[in-house]
Structures are given as structure tokens and as C-alpha cells.
Amino acid sequence: MIKAIRGTRDLLPPETALWNFVEAAVRDVFRVYNFHEIRTPIFEETQLFARSVGEETDIVSKEMYTWEEGPDPETTLLGAWYDQRKSRYPGSLQRTTARQDLITIDISGGADTYLVELKLRPDAGVVDRLEARKRAWLAAHPGSKPPKLILAVPTWEEDRAKRIPLGEIILDSLSVNLAGEQSPQSLTLRPENTAGVVRAYIEHKLWDRGLNKLYYIGPQFRRERPQKGRYRQFYQIGAEIIGPPTAGSESPARDAELLELLATFLDRVGITDWTLQLNSIGCANDRAKYNDALRKALEPVVSKMCSDCQRRAVTNPLRVFDCKVPEDQPIIEKLPRISQFLDEPCRKHFEEVQGILKSVGVEFQLNDRLVRGLDYYTRTAFEFTHGALGAQNAILGGGRYDGLSESLGGPSAPGIGFAIGEDRLVMALKESAEAVQRKPDVYIAPLPGMNREAARLARELRHHDVITELGDENFRLKKSLETASKIGARFALIVGENEVKAGAFALKNLESGEQVSVPRSELAQKISELARKIQSGR
RNA sequence: GUGGGAGUAGCUCAACUGGCAGAGCACCGGACUGUGGCUCCGGACGUUGUGGGUUCGAUUCCCAUCUCCCACCCCA
């Protein structure tokens, strides 16, 4: 049996209703904060993540889905064919256009030769490929006349391939990438979305619009061992505020606005016992100084710490603060803190963020042990945590990334963003709230010969926004009613000859058992009215 | 990547120290030919995750492998 691969899963009803609820709620919140949706590709050049997230991070060094886009095999084969032919029959091929790695071969008038040449060399594989295509085509189009088989060859300066039909050559010239190796491109499924958004910001010169407030909802990919609330394909809801400094993108007001938005959103979806952990990790300069100080402070004590910390002290001293080993805590407590290393602008920025948060009434906890794993973060760093999620108690996190755009070759574009782990959010909601999936308003039970009439009725009802489920004339009425109550329909509508003759249909309340006869013209209104009454009565 | 636990019917779980693979719920049919829920009767249901080994005989013991869960590493 073929199963969903490790770390991935199917989201099924009724749980999908909860996902939709979350997404609808967050879109609604984004709307009033004037954020707009951006959708970036699900895969990008590997370099994008290496440069933004950081080469040395675990994400990049061992958790990405990365593959190489090699040269087209047909191109390679044709290149080989060209070389062979050229050496065997000097002058038979002519270079008409040249770039470093591309040559256009003029084979006009030489079509037969081309084919003969191919047929003489089945080992080249080209003919095999053409024949295979021919067979596949014939299998898919039985009885049709033999097709013109087409070999697609990537060309330079043409967005699509030129075509060589087999057996009936109609092309004039063909470009072959003689190098055979348009340097294979390394691609990666996005492990997070900020890099993609910033790439798009640069690529489309979004600074021309001033301040950009963008949000996204979508899958991300990390190749880690699955765990509670951690999947290899996971979903994030995120947002970025990014723009030129002159547009105010660097202002602490933006940090506070984003955090306040998050508090609003969590309250809105019913997660009220959250805690906002707040810290400032300073600018690149501060961090460099702090890192040095930390290394120095660790040097004399590191030998007494756990093996993880010993490793961290070398690779990434900041992460020592994540240590959960009790024995290490007294040592960690005595380490210098980033707050002591913030320069004047950074400290002011951080104070102002806190000031605004207080004035809008968003509670937070300062946590100077909170550090972020990604290289691009600067200044404000935050996390919202929530109990009852096991070791993965952080439900969202984010921070400022003032230098990211430059490091990707863009203009100065300070920004701040967050990403919500949607899987975990939904998981947290599932524990408190039952997924609300709307039940059908009516189940139409057609008696023999009544499928057509029933279909007409269903169309009308649905047109009037009545959630309608349609049975089948081959079902016995008993079975229809059974099904109707099983799926939770409010009403059953019986469609039989008697009803059609009378022009009025039997409408049965499946809860009370009460049954009334409703004239056809009043059906839609009556059902939606009654259904609404039942719905609101709950 | 590391450590621990677990995989048996659609679901939740049984099956003693190795001896015919079971129950509840759900599903399907009937009692009841155009009236559901309740009741009663009947039915279908499995390569015991997969592959190998030990054994007369393996759900049970051994090895490998896959998947899930929990945690670590790490992280939005």
C-alpha cells in the first residue's frame, strides 16, 4: 500500500474546518491592519536560503529538501551526437550562431541525413527515446494515423524548444547546448518564507510602493525527524513589514504594531493563555561584540557544562541559553547578557517597543535568554508560547531583520516579521474547541423515478444557499432517512409521485420527527428559515 | 542524526509462559415494499506494518526494515 511519506499527513474533514476557521480569522485580522497577501514559489534557488537563513544553521546544513536540476538528457545526447557526427563528417554541420556554450546547427536540407545518422547510432539513445515517444503516442491515440514524433530540444533565446518531427522533418535549424551542462541549478523546497518574500521584494522593486505589509499562508518543508507538532511539510502563517527606512520600516512602532496584531489574532481564535516573550538581540555589531564576550566568559567554565553546551560554545554560543540541563543553569545565569551590549539606538528602539506595547495593553515578558536561530535576525526578537504543547510550546516566533535585504543584494530595507506554526496552532485549538463543521440543512430523498425532479430541487435550494445533500432514487426511503440523520441533516425532503402531483413536498424535521407539506414555491425560503432557527437555537 | 515506546478489523483495544485471531463501536442486510433514531436477528470484515529467521506450530521469541508516538539535537 502506498502511504503518505514520513512526516507528511493528510488533513481530513472535520479537521479541515478548523484550518479554514484559523485562516479565515487571520485573513480578517490582516485585513484591518492593512496587510496584503503574497504568494511566493514553493521552491527557490538553494543560495537564497543559504545566504539568508545562514550556511551554518542546522536548517541549511542538514534539514533542507535540496536537489539539482540537471541538464536535459536530450540536450546532452544531441550534443554528443553533434560531436560524433562532426568528427566523422567534417563540414556536414555548420555553426551559424555561437555563444560560449551554445551552437546553432544548421541542418536545413540535411533532414534525411539527420535521421539516417540517428538510426545508425541507436546506442546514442536518441532514437530509442523517439521511438518510445512514438509508441506512447500510439497507445494513447489508438487508430489514429502515425504521428509526427517530436523531439524537444531546449534552445537559446527561444523560450520553448524547436521541434523535430520524426519521419517528416520540418525544421530548419536546431540549437544544441554543446557544453551539455548548463551548470546544474541547485533548488530547495522553502524551509521558511521570509527569504522568499524578501527576494520578491528585491526582484519586483517593491520599495517603490513605500512600506509593504505582506502576509502569506502556505506549506514549508524541513527534513527533520517528525515529532509532536513538527512535520516535514508544515504550514506557516506569516507576515512581513518591509520597506525603505524613509518609509518608517525601521520604526519601533512597526514592531509594536506587529506584536499587537498577533495578540489580537490569538485572542480572536480563542487562544487566550499565551505569553509573549520579548528580547532584543541588537544589531550585527552588538551581536559580534556580545558573541566575543560570551565566548570569553564560557572559556573557563565550559568544561563543567553538558556535552551539548560544549559543542554550542564553539559553534554558536548564543544557543547555550537554550540548555535545559539543570546543572548548567547556575553557570548560564552568570553569563553576560545581550542587553548589556546594546548600543544606544538599539536600546532606545527596544524601549520604545515596550513603551507602545504597554500603552496598547499588550502584556509581555522580557526574556534576555531568548535568542533566534536564524542568522538574519536583529534587534527585536519574540516568541509567543502556549502550554499543553509538549516540548514544542512556542506557537509562533519572529523578529526584526534589518540587514537581510542588503545581504541578498537588495537596497536597505529594514523589516520585521513573524511566522505562526499553523499545525501547532490548530493542535492547540483542537484541545479547547470542537471543530465546527456545518451540517447539511436538508437531505433530499427521491423515490423511484424522481432523480430528475430531485436534481432540479437541489439546484434551486443550493442556489438559495441551503446546504443540500442529494440521495438517489434507488435507495429505499428507509435508507435515505437513515442516511439523512446519520450525516446530521436538519431536514429530509421527500420527493415522490404524490408530492409532484400535489405540488407540495413532505418536509420532515429529523430532530422532532414532525413532518409538514410545503408548496414547492415556498421550499427554499421555508427550509433556510427553519434551518437558521435550529442553528441559532444551539 | 540520537534515545525510548508502539504497530492486530474502518476506529478503540483483547488474545496467559508459543497452540484454531477475538470483543465493543462503526459498516451492510433483514424484521418494517412511501418514513430515520430504539430494539431484535443476520452478514461482511484481517497477508497480526513489511521481509527474513528459530520452531511440528509465531500476534507472541530473534534479526532487519518501514511507519507512528514521546523526547533529544535543532527550530518558525
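Just so it is clear: chains get the letters A, B, ... in the order the sequence lines come, proteins before strands, and each one is counted from 1.
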Could you check whether [X] gets within reach of a base, just the sugar-phosphate, or nothing at all, counting any heavy atom under 4.0 Å?
{"X": "A:Glu192", "result": "nothing"}
{"X": "A:Glu499", "result": "base"}
{"X": "A:Gln515", "result": "base"}
{"X": "A:Gly7", "result": "sugar-phosphate"}
{"X": "A:Asn193", "result": "nothing"}
{"X": "A:Gly513", "result": "base"}
{"X": "A:Leu396", "result": "nothing"}
{"X": "A:Glu497", "result": "base"}
{"X": "A:Ile494", "result": "base"}

Rounded off to whole Å, could you give me the [atom1]-to-[atom2] distance for the [X] and [N] pair?
{"X": "A:Arg230", "N": "B:rA76", "atom1": "CZ", "atom2": "C1'", "value": "10 Å"}
{"X": "A:Ile420", "N": "B:rA76", "atom1": "CD1", "atom2": "C1'", "value": "10 Å"}
{"X": "A:Glu224", "N": "B:rA76", "atom1": "CD", "atom2": "P", "value": "10 Å"}
{"X": "A:Asn279", "N": "B:rA76", "atom1": "CG", "atom2": "P", "value": "14 Å"}
{"X": "A:Glu422", "N": "B:rC75", "atom1": "CD", "atom2": "P", "value": "23 Å"}
{"X": "A:Lys479", "N": "B:rC32", "atom1": "NZ", "atom2": "C1'", "value": "16 Å"}
{"X": "A:Met305", "N": "B:rC73", "atom1": "CE", "atom2": "P", "value": "13 Å"}
{"X": "A:Arg476", "N": "B:rG36", "atom1": "CZ", "atom2": "P", "value": "10 Å"}

Donor-acceptor pair under 3.5 Å: do we get one between A:Arg424's side chain and the base of B:rA76?
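Side chain to base: pair present.
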Taking atom types as they are modelled, is there a donor-acceptor pair under 3.5 Å from the base of B:rU2 to the side chain of A:Arg225?
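Looking at the base of B:rU2, it does pair with a donor or acceptor on the side chain of A:Arg225 (distance under 3.5 Å).
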How about A:Phe35 and A:Tyr215: are their ring centroids closer than 6.0 Å?
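No, the ring of A:Phe35 stays outside the 6.0 Å limit from the ring of A:Tyr215, centre to centre.
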Taking atom types as modelled, is there a side-chain donor on A:Thr40 or A:Asn193 under 3.5 Å from an acceptor on the other?
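Yes, because at least one side-chain N or O of A:Thr40 sits under 3.5 Å from a partner of the opposite role on A:Asn193.
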A:Glu363 atom CD, over 12 foreign heavy atoms within 6.0 Å
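12 or below, so no.
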Give me the distance, rounded to whole Å, that separates [N] from [M] when you measure between the [atom1] atoms they each carry.
{"N": "B:rA9", "M": "B:rC28", "atom1": "C1'", "value": "15 Å"}
{"N": "B:rG57", "M": "B:rU12", "atom1": "C1'", "value": "30 Å"}
{"N": "B:rC70", "M": "B:rC45", "atom1": "C1'", "value": "33 Å"}
{"N": "B:rG18", "M": "B:rC73", "atom1": "C1'", "value": "41 Å"}
{"N": "B:rC72", "M": "B:rU65", "atom1": "C1'", "value": "23 Å"}
{"N": "B:rC66", "M": "B:rU48", "atom1": "C1'", "value": "16 Å"}
{"N": "B:rA15", "M": "B:rG52", "atom1": "C1'", "value": "25 Å"}
{"N": "B:rG29", "M": "B:rG37", "atom1": "P", "value": "13 Å"}

Taking the minimum atom-to-atom distance to the side chain of A:Ala419, which one of B:rG36, B:rU67, B:rA76 wins?
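Among the listed nucleotides, the one closest to the side chain of A:Ala419 is B:rA76.
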Which base, if any, makes a Watson-Crick or G-U wobble pair with [N], both distances under 3.5 Å?
{"N": "B:rU48", "value": "none"}
{"N": "B:rU17", "value": "none"}
{"N": "B:rC74", "value": "none"}
{"N": "B:rC11", "value": "B:rG24"}
{"N": "B:rU67", "value": "B:rA6"}

RNA chain B: A:Gly496 or A:Lys486, which has the more 5' nearest nucleotide?
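Nearest nucleotide further toward 5': that of A:Lys486.
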For A:Ala506 and for A:Gly397, find the nucleotide of RNA chain B with the closest heavy atom, then tell me which residue's nucleotide is more 5'.
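Its nearest nucleotide being more 5', the pick is A:Ala506.
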Can you tell whether the side chains of [X] and [Y] come within less than 4.0 Å, N to carboxylate O?
{"X": "A:Glu45", "Y": "A:Arg51", "result": "no"}
{"X": "A:Lys289", "Y": "A:Asp292", "result": "no"}
{"X": "A:Lys478", "Y": "A:Glu482", "result": "yes"}
{"X": "A:Arg254", "Y": "A:Glu257", "result": "yes"}

Aromatic plane relationship, A:Phe341 with A:Tyr290 - under 30° parallel, 30 to 60° tilted, over 60° perpendicular
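Rings of A:Tyr290 and A:Phe341: tilted, as their planes differ by 30° to 60°.
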Does B:rA31 have OP1 or OP2 sitting under 4.0 Å from an N or O in the side chain of A:Lys478?
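Answer no for this pair, as no side-chain N or O of A:Lys478 is under 4.0 Å from OP1 or OP2.
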Taking only the side-chain nitrogens and oxygens of A:Arg223, find out if one of them lies under 4.0 Å from OP1 or OP2 of B:rG1.
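Checking A:Arg223 against B:rG1: no side-chain N or O falls below 4.0 Å of OP1 or OP2.
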